[in-house]
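So that the names make sense, note that chain A is the first sequence line, chain B the second, and so on, each numbered from 1.
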There are 2 protein chains.
Amino acid sequence: MSPRSSVARRASSAGSTAPESVDLGVLKDMLGFRLRRIQNHLSKNFAERLAGRDIKPGEFSALALIAANPGISQIQLATEGGFDKAALVVLLDDLERWGWAVRRRSTADRRRHALEITPKGEKALAELFAIGLANEATVTDALAEEELANLYAVLDRIYGLCFSDDQA
Amino acid sequence: MSPRSSVARRASSAGSTAPESVDLGVLKDMLGFRLRRIQNHLSKNFAERLAGRDIKPGEFSALALIAANPGISQIQLATEGGFDKAALVVLLDDLERWGWAVRRRSTADRRRHALEITPKGEKALAELFAIGLANEATVTDALAEEELANLYAVLDRIYGLCFSDDQA
DNA sequence: TATTGTTATACTCTATAACTATA
DNA sequence: TATAGTTATAGAGTATAACAATA
């Protein structure tokens, strides 16, 4: 069982909550709820680690996807990275303004932009990645290597299932 | 650390909405990214199933927590359910207007409200819960019972780790 | 003096529609 | 006619500060 002595530890509305101090009721059987509470916490902490820098949360993952898929178009990056294509425009404006990525006109289809990361962007990405890993270290360090690999495998399988057939 | 020099392109057919058609790069090693993409998909589909009804996503989980913790105060519900205490006010206004929950003055501490679900709210909760389960069925039905139980156990453990004393 | 609930406000994120240039 | 990128805008979600009642 979890320690529940910390219920009143943070009575201010500022921050984190103690888990399991209330009965989850039917939410105990909901996958979405479990994912959301962890993800909320991780993203909130990640944002804190990025305080001071003018970086929006999606910009790290967008940069990572551009780095791994040089020449990718904006529409591909939007649909397959989970971005809105309109929001991606201003996001890429940021990346270009910082010199982290460039939009080049695709030679095959002149409607498309071919996105590329710059050397400066590679450096920034490595730094952000390190921050991201540190942010998750509390969790990942506590799991055995096999447990973590297993978890990733299940999550990837679940993500694949989301697109199996009855969904859009 | 594993940098991104490996460019194993799996894009046989680009442009579809199928997952894994782009290389995730460093995101392959990020727990937060994996959680977010699944949770985004589930919540989007859940919102579609709730189309027509005037229900906001947080209202289901708030109602579930009130049902499981009768007499809970707003500040408890906010901090431990992950709600903003100001946003919770208008959320509860909705629940009361629909006759799903009531705010009663706490006898022990007259500053507090004791939240209670109504019989009508119980009915609504059961219905929403069924919709929620159906929304996740594509995923949960494909996993063996033991796999799912194992996943929930790991996720609960991870959520507990988020609060294990070294976070700010 | 501190906390609970409330209100008002602002800021971010996301979603939609319309426009251009290309196909 | 359809698609890629852009712009503008509106809506939801979230965070912050100030206030009244109560402790």
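A cation-pi arrangement is absent between A:Arg34 and B:Tyr159 under the rule of less than 6.0 angstrom and at most 45 degrees off the ring axis.
At a threshold of 4.0 angstrom between heavy atoms, the contacts of A:Ser106 with the nucleic acid are absent.
Here B:Lys123 pairs with nothing under the side-chain hydrogen bond (donor to acceptor under 3.5 Å, both in side chains) rule; sequence neighbours left out. Shown here are the side-chain contact (heavy atoms from CB on, under 4.5 Å) partners of B:Arg97, two or more places apart in sequence or in another chain: B:Asp94. Residues passing the salt bridge (Lys or Arg N to Asp or Glu O under 4.0 Å) test with B:Arg103 are B:Asp93, B:Glu96, sequence neighbours excluded. Listed by chain and number, the residues in a salt bridge (Lys or Arg N to Asp or Glu O under 4.0 Å) with A:Arg110 amount to none (sequence neighbours excluded). B:Asp84 meets the salt bridge (Lys or Arg N to Asp or Glu O under 4.0 Å) test with no other residue; sequence neighbours excluded. A:Glu127 pairs by the salt bridge (Lys or Arg N to Asp or Glu O under 4.0 Å) definition with A:Arg53, not counting sequence neighbours. Applying the side-chain contact (heavy atoms from CB on, under 4.5 Å) test to A:Asp29 and every residue at least two apart in sequence or in another chain returns B:Phe129.
Applying the 4.0 Å criterion to OP1 and OP2 of D:dG5, one finds that A:Arg104 has every side-chain N and O outside that range. Taking only side-chain nitrogens and oxygens, B:Arg36 never comes nearer than 4.0 Å to OP1 or OP2 of C:dC13.
In this structure, CD1 of A:Ile75 is placed 17 Å from P of C:dT22, rounded to the nearest angstrom. Across the protein-nucleic acid pair, A:Arg112 atom CZ and D:dA2 atom P stand 17 Å apart, rounded to whole Å. One can place CG of B:Leu92 at 9 Å from P of C:dG5, the figure rounded to the nearest angstrom. The NE2-P distance, from A:His113 to C:dA23, rounds to 12 Å in whole Å. Atom-to-atom, CG of B:Leu77 to C1' of C:dG5 comes out at 13 Å; the value is rounded to the nearest Å. We find that CD of A:Gln74 is positioned 19 Å from P of C:dT20, with the value rounded to whole Å. In this structure, the CG atom of B:Leu91 is 15 Å from the C1' atom of C:dT6, given to the nearest Å. Atom pair A:Phe83:CZ and D:dT6:C1' shows a separation of 18 Å (rounding to whole Å applied).
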Report, one pair per line, the protein and nucleotides 20-23 of chain D atoms (nitrogen or oxygen only) whose separation is under 3.5 Å.
residue, atom, partner, partner atom, Å
D:dT22, OP1, B:Arg110, NH2, 3.4
D:dA23, OP1, B:Arg110, N, 2.9

Kindly give the atom pairs (protein nitrogen or oxygen, nucleotide nitrogen or oxygen) under 3.5 Å for nucleotides 7-14 of chain D.
none

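A donor and an acceptor atom, one from each side chain of B:Arg112 and B:Ser73, are located under 3.5 Å apart.
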